[in-house]
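A, B, ... follow the sequence lines: proteins, then strands. Residue 1 opens every chain. Only this structure's heavy atoms are used, side chains among them; waters, hydrogens and symmetry mates stay out.
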Amino acid sequence: MKSFNERAYDLLREVPKGKVTTYKEIANALGTSAYRAIGSAMKKNPYAPSVPCHRVVSSDGGIGGFNGCKEGKDITRKINMLMEEGIEFNGNKIKNFNDVIYRFI
DNA sequence: CGGTTGACCAAGT
DNA sequence: GACTTGGCCAACC
């Protein structure tokens with residue numbers, strides 16, 4: 001039986017490049033509502049490059065947290081990475097959020 | 001087992 | 001648009 005966070009990582013690996021998901025969607029896909037626990041799991045994220053934690057955003061299309069995966073505390077880095085994947089940003093929020101969101105089919 | 005914390009969410013002010 | 005409040009659930013002490 002995998003831990004809650006490992007299941008979150010597993011789902012996150014499913015997210016294709018150029019797509020993003022929300023903490024809420026992940027929690028919902030796991031059959032729970034622990035949005036916050038997802039964030040905590042991402043923060044721990046031992047599978048750093050394998051699990052694209054930068055592809056997880058807030059339900060508002062905003063960036064949410066992201067400390068830069070133990071690098072710096074600059075959300076612009078996360079935005080920059082997502083832009084490289086083809087995601088359009090409008091300031092600190094995703095422009096075409098509804099087109100890049102991935103709902104764990 | 002109770003209390004605190006958290007990369008959250010939704011609604012109200 | 002920014003801040004506050006209440007609520008949700010898992011992890012940690």
Scan the side chains in residues 83-91 of chain A for donor-acceptor partners under 3.5 Å anywhere in the protein, sequence neighbours excluded, and list what turns up.
| from | atom 1 | to | atom 2 | distance (Å) |
| --- | --- | --- | --- | --- |
| A:Glu85 | OE1 | A:Gly18 | N | 3.2 |
| A:Glu85 | OE1 | A:Arg55 | NE | 2.8 |
| A:Glu85 | OE1 | A:Arg55 | NH2 | 3.2 |
| A:Glu85 | OE2 | A:Arg55 | NH2 | 3.0 |

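With contacts defined as side-chain heavy-atom distances shorter than 4.5 Å, the pair A:His54/A:Leu82 qualifies. A:Val57 has its side chain out of reach of A:Tyr23: every pair of non-hydrogen atoms, C-beta onward, lies at least 4.5 Å apart. The shortest distance between side-chain heavy atoms of A:Val56 and A:Thr22 does not fall below 4.5 Å.
Along DNA chain C, read 5' to 3', the first and last nucleotides having any atom under 4.0 Å from a heavy atom of chain A are C:dG7 to C:dC12.
By the ring pair (Phe, Tyr, Trp, His ring centres under 6.0 Å) test, A:Phe4 is found to be paired with no residue, residues two or more places apart in sequence or in another chain being considered. The side-chain contact (heavy atoms from CB on, under 4.5 Å) check on A:Pro16 picks up A:Lys19, A:Tyr102, with sequence neighbours excluded.
Only at 4.0 angstrom or more do the heavy atoms of residues 88-105 of chain A sit from any atom of DNA chain B, so none qualifies.
At least one donor-acceptor pair under 3.5 Å links the side chain of A:Lys78 to the backbone N or O of A:Ile63. No donor-acceptor pair closer than 3.5 Å links the side chain of A:Thr32 to the backbone N or O of A:Asn28. Between the side chain of A:Tyr9 and the main chain of A:Met42, no donor-acceptor pair closer than 3.5 Å is present.
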Run the side chain to side chain contact (heavy atoms under 4.5 Å, CB included) check on A:Asn45 and A:Asn5 step by step: do they pass? CA-CA 8 Å; A:Asn45 188 18; A:Asn5 41 16; over 6 Å; no

For nucleotides 8-13 of chain B, 5' to 3', base contacts (B), sugar-phosphate-only contacts (S) and non-contacts (-) with protein non-hydrogen atoms under 4.0 Å give BSS---

